[in-house]
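Only one structure is covered here, and it is reproduced in the block below.
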Amino acid sequence: MDIMAPHIITDGPVPKHAQLRDILSELCRTTLKPGDILPGERILEETYGVSRITVRRAIGDLVAEGRLRRVRGKGTFVAPNPLVSRLHLASFSDEMGYQKVQASSRILLGERSTAPSEVCDFFGTESTVAHTHLRRLRLGDGEPYSIDDGWYNSAFAPTLLENDIYNSVYAILDSTFKVPITEAEQTVTAVAAEEDIAELLDVSPGTPLLHITRLARSGDRPVEWCSSVYRTDRYRLTTHVSRARM
């Protein structure tokens with residue numbers, strides 16, 4: 001195919017499947033874009049003069065790395081770019097924007113109701129007080145990345161659901177309610193995808209997911225309690241650490 005630059009795969013110290021993997025990785029990085037279909041196995045065999053086993057192993061390596069994804073009955077596609085969070089305080093929409101990925105949301109739940117005890121404890125309210133409960137499937141370039149299950153303090157954002165919650169809630173909290181998120185505590189753990197979560201995120205039940213619980217404030221005002229799960233092939237946490245001087 002025209003999109004495949006000429007490469008010669010030879011016998012040598014580098015296994016053929018590793019050579020092909022590097023070729024396909026370069027193709028994904030420089031020519032194809034997320035969502036594009038990879039040329040079929042037969043085309044790859046004929047183009048590079050390798051066996052079906054070699055092609056499948058090279059593709060399998062890239063699937064395991066999160067660079068490609070297989071869709072049963074349709075083919076192999078370039079996977080969406082992973083969202084890299086550097087553990088700074090930013091909304092999902094902002095982080096997507098920094099990496100030139102189009103953020104969008106699907107609203108799974110939006111209501112005013114009484115909150116779980118841990119939310120009430122953080123907000124400092126009685127269990128009978130109603131707060132805003134917002135659950136959203138977060139998408140990047142139309143592909144599922146995460147599910148946010150958030151509670152918002154009704155004392156500071158009483159009419160949150162009357163705004164455009166398909167986009168950045170943090171921007172709404174800042175511009176409409178004058179409670180910009182200024183600090184947060186985050187706890188990161190790993191969980192296995194339950195059936196309903198797996199279906200929404202388009203993964204198999206039991207797939208490991210990244211779970212982040214965020215308790216966010218505006219100054220000393222507790223504004224947001226949010227539990228989020230992320231696909232590990234589409235979300236990475238990166239931080240800079242240094243050795244403390246004794």
Side-chain angles (χ1 to χ4, degrees), residues 83 85 87-96 103-140 144-203 205-232 235 237:
L83 175 62
S85 174
L87 291 179
H88 60 289
L89 190 55
S91 68
F92 178 87
S93 299
D94 286 341
E95 287 188 324
M96 285 291 194
S104 60
S105 299
R106 175 182 157 197
I107 306 300
L108 304 174
L109 174 70
E111 64 179 11
R112 285 282 296 270
S113 65
T114 54
S117 58
E118 61 265 34
V119 177
C120 295
D121 289 345
F122 175 59
F123 288 167
T125 60
E126 298 294 330
S127 60
T128 55
V129 175
H131 296 287
T132 297
H133 187 192
L134 179 59
R135 193 164 181 257
R136 295 178 293 172
L137 175 65
R138 312 309 301 273
L139 308 167
Y145 274 66
S146 68
I147 298 172
D148 289 348
D149 192 357
W151 289 87
Y152 299 88
N153 197 328
S154 59
F156 306 119
T159 57
L160 178 62
L161 295 178
E162 297 176 16
N163 294 268
D164 183 12
I165 53 176
Y166 287 91
N167 293 304
S168 174
V169 167
Y170 277 18
I172 297 170
L173 292 173
D174 187 358
S175 63
T176 302
F177 299 104
K178 311 305 178 187
V179 283
I181 299 299
T182 57
E183 61 181 78
E185 299 170 8
Q186 292 191 151
T187 301
V188 182
T189 56
V191 297
E194 298 178 356
E195 267 194 51
D196 57 336
I197 298 296
E199 183 176 357
L200 288 168
L201 291 178
D202 192 23
V203 297
T207 297
L209 303 175
L210 196 65
H211 178 218
I212 299 179
T213 302
R214 174 182 285 193
L215 283 64
R217 295 178 173 84
S218 179
D220 60 355
R221 296 167 291 186
V223 175
E224 177 197 47
W225 187 101
C226 188
S227 173
S228 302
V229 287
Y230 294 83
R231 285 184 53 150
T232 56
Y235 191 85
L237 291 174

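Note that the structure is predicted; figures quoted are calculated from it, not measured.
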Side-chain contact, heavy-atom cut-off 4.5 Å: Arg231 with Thr207?
no
Quick check for you: to the nearest 0.5 Å, what is the distance between Leu173 atom CG and Asn163 atom CG?
9.0 Å
Minimum-distance pair of heavy atoms, taken over all atoms of Gly206 and Ala192:
O-CB, 3.9 Å
Partners passing side-chain hydrogen bond (donor to acceptor under 3.5 Å, both in side chains) against Asp149 (at least two apart in sequence or in another chain)
His133
Under 3.5 Å, side chain of Arg106 to main-chain N/O of Leu139, donor-acceptor pair present?
no
Output all residues satisfying side-chain hydrogen bond (donor to acceptor under 3.5 Å, both in side chains) with Ser228, sequence neighbours left out; order by chain, then residue number.
Asp148
Side-chain contact, heavy-atom cut-off 4.5 Å: Ser227 with Trp151?
no
Value rounded to 0.5 Å, distance of NE2 in His131 from CG in Leu160:
13.0 Å
For Ala198 against Ala193, the heavy-atom pair lying closest together:
CB-CB, 4.1 Å
What's the separation between atom CD1 in Ile107 and atom CD1 in Ile165, rounded to the nearest 0.5 Å?
4.0 Å
Would you say Ser168's side chain and Ala171's backbone share a donor-acceptor pair under 3.5 angstrom?
yes
Beyond-backbone contact of Val129 with Ser154, side-chain heavy atoms, under 4.5 angstrom:
yes
CA sep, side-chain torsions, deciding dist, call: Leu201, Leu137, side-chain contact (heavy atoms from CB on, under 4.5 Å)
CA-CA 8 Å; Leu201 291 178; Leu137 175 65; 3.9 Å; yes
Looking at side-chain heavy atoms only, is the closest gap between Val169 and Glu224 below 4.5 Å?
no
Restricting to pairs with a member in residues 187-199, which pass side-chain hydrogen bond (donor to acceptor under 3.5 Å, both in side chains), not counting sequence neighbours?
Thr189-His211
Is there a donor-acceptor pair closer than 3.5 Å between any side-chain N or O of Thr182 and the backbone N or O of Gly219?
yes
Partners passing side chain to side chain contact (heavy atoms under 4.5 Å, CB included) against Glu118 (at least two apart in sequence or in another chain):
Pro116, Trp225
Could you grab the distance from atom OG of Ser146 to atom CD1 of Ile197, nearest 0.5 Å is fine?
10.5 Å
So which atom in Ala216 and which in Tyr170 form the shortest heavy-atom distance, rounded to 0.1 Å?
CB-OH, 4.1 Å
Is there a side-chain contact between Phe122 and Asn153 in this structure, where contact means two heavy atoms from C-beta onward sitting under 4.5 Å apart?
no
If you draw a 6.0 Å radius around CZ in Arg112, do more than 12 non-hydrogen atoms from other residues or ligands fall strictly inside?
yes
Could you pull out all residues at least two apart from Arg221 that satisfy side-chain hydrogen bond (donor to acceptor under 3.5 Å, both in side chains)?
Ser218
Identify the heavy atoms of Leu134 and Gly110 that sit nearest to each other, and give their distance.
CD1-CA, 4.4 Å
Leu200 versus Leu108, closest heavy-atom pair with distance:
CD1-CD1, 3.9 Å
How long is the gap from CD1 on Ile147 to CZ on Arg138, to the nearest 0.5 Å?
11.5 Å
So how far is it from Ile212 CD1 to Arg214 CZ, rounded to the nearest 0.5 Å?
7.5 Å
Please list, chain by chain and in numerical order, all residues satisfying salt bridge (charged side-chain N to carboxylate O under 4.0 Å, His left out) with Glu185, sequence neighbours excluded.
Arg217
